[in-house]
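Remarks on the structure that follows.
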Amino acid sequence: MEPSVHSEPAVVVIFGAAGDLTWRKLVPALYDLFLDKWLPDRFAIVGVDRKEMNIDEFRQRLREGVDTFSRRGKSDDETWGAFASHLVAFISAEFDDPEGYATLAEQLSALDKERGSKSIRILHLATPPSLVQMIVQQLGKARLSRDRQRTRIVVEKPFGRDLGSARALNRLLTSVFEEFQIYRIDHYLGKETVQNLLAFRFANALFEPIWNRRYIDHVQITVAEQVGVEHRGGYYDHAGALRDMVQNHLMQILCLIAMEPPVSFDADEIRNKKVDVLRAVRPIPGPQSHRFAVRGQYGAGWLQGQHVSAYRDEPGVAPDSTTETFAALKLFVDNWRWQDVPFYLRTGKRLPSRVSDAFIQFRPVPHQSFPPSTAGEWRSNRLVIRIQPEEGIGLEFQAKQPGPTLRLSPVEMRFCYEDAFKVKPPEAYETLLLDVMRGDATLFMRADQVEAAWSVITPVLEAWEATSPGDFPNYQASTWGPEAAEVLIAQDGRSWVLPPLDDSREEEPQAE
Ligand code: BG6
């Protein structure tokens, strides 16, 4: 596709500019967008951090990040020089220091003057969550949110740690900014295959008529990671898998699979339809949460020939931690389309492979005409939406095996993104940052969505907090989680679909 350069001048202000997320994700994504000519000519990046650094050191640090993490590989001096001319300032200030915000305001006005027109201002909070409240308050005091049409704030997850704190955070954000100025990032929504779910469902007539309880037996969503908590133990030990992954990424995938067709691709229309799904999720009764939710924590084990530590031995983790590194849920969406169709969700760290998939398991044919002897490993139809590492869609159906006798076995029809389009899909952050610049909030979470997702998991969080898991660690690293997760689905006469093994290891840096 031809880049349509966004022509309005823009300035991205990164709070936490010396941090990991800026270095690994934000600036490499901006650099790739720059190379692909998606950024406006009058584009600037301003860094804010409490670290002492001058502009040259700032540029040097970001270049190292770009050279390591850009999908375009190592930069050459000329291209880097062109990009670096847009890195215009680095402000060293404590985040509670009003002076820093005053300097920032001056800097932004000077840029506008220099350009002879007002820029879109993107305030990106790439800081630990504990600083968000302070920065938002200071931005309000410095009146940096005032230009409603041109100022946007980007907030990274986690959005609170339960329903109450998410509501408080939303109240604070909306006391300083209007909801339409707020872009809450869930990077899963920037992944091509996640977005492709909308195209697949609503740009094709084929599947929508059978996308309901009459034809679908159940849905499975798996987001499995090989990595442990690595250097993020301090953050993760206060979060756990339910907060870190289920409340946001898995819930968003669930919404895209279960939502009703939107009337248009207007941001609010899509977000309304997604909120409808979350509101229709059957509440999990706290006292019976064990029938619907399973938690696990990894012990030591062997992964790809290497010994890996138990979660409790990871840096930053309490030696008697009861934080879950694995969660599996069974949910129902109580509406006409999905009544009584189970949605099984699972996610965990230190699982055998890094793979994210959604499986739509269709019901068996209503009448089996073929004699039992013809069916080798007979399976009803299954649609596999592969989110990562391979991005694509597979449809499994029955075929006759070649030969003089009639024997049936399942085969797969595959669509692979890279083969079909001959390009590597952009990184999620590229898509999302460009959308913020364009003012398109479709792929961002609205306050009510965030709160509805917290409502779904809160009874489980409360039940888990009330009872200590006596059996932790209850799964060995490199296995598919605790036995209870198998029981959760087996008690319904079903089983988890085993994803393909993958050897890639990639870590998603976060703001913490
Ligand atoms: C983040 C979580 O949101 O997503 C991490 O905080 C997790 O714990 C990461 O590792 C996974 O992202 P991806 O894109 O690698 O699947």
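Read the numbers this way: they start at 1 and go in the same order the structure lists the ligands and their atoms. As the structure is a prediction and not an experimental result, all values here were calculated from the model.
One side chain, S165 or D162, offers a donor N or O that lies under 3.5 Å from an acceptor on the other. Residues R121 and T151 bring no donor and acceptor atom of their side chains to less than 3.5 Å of each other. Using modelled atom types and a 3.5 Å distance limit, the side chains of Y31 and E430 yield no donor-acceptor pair. Side-chain contact of D237 with Y311: a donor-acceptor pair under 3.5 Å is present, judged by distance alone. Of the N and O atoms on the side chains of Y475 and R350, not one donor lies less than 3.5 Å from an acceptor on the other residue. For the residue pair N170/R446, the side-chain donor-acceptor check at 3.5 Å is not satisfied.
Those atoms of ligand 1 that come under 4.0 Å of a heavy atom in H187, given as number and element, are 1 (C), 3 (O), 4 (O), 12 (O), 13 (P), 14 (O). Interface atoms of ligand 1 facing E225, defined by a heavy-atom separation under 4.0 Å, are 7 (C), 9 (C), 10 (O), 11 (C). Taking every heavy atom of K157 and a limit of under 4.0 angstrom, the matching atoms of ligand 1 come to 1 (C), 2 (C), 3 (O), 6 (O). Ligand-side atoms of ligand 1 in range of M245: 2 (C), 4 (O), 7 (C), range being under 4.0 angstrom from any heavy atom. Listed by number with element, the atoms of ligand 1 under 4.0 Å from a non-hydrogen atom of H249 are 1 (C), 3 (O), 4 (O).
One option in K191, K349, Q388 has a heavy atom closer to atom 14 (O) of ligand 1 than any other, and that option is K191.
Considering backbone and side-chain atoms together, Y236 places no N or O closer than 3.5 Å to any N or O of ligand 1. In terms of N/O distances under 3.5 Å, ligand 1 is not approached by S356. Residue Y235 places no N or O, backbone or side chain, under 3.5 Å from any N or O of ligand 1.
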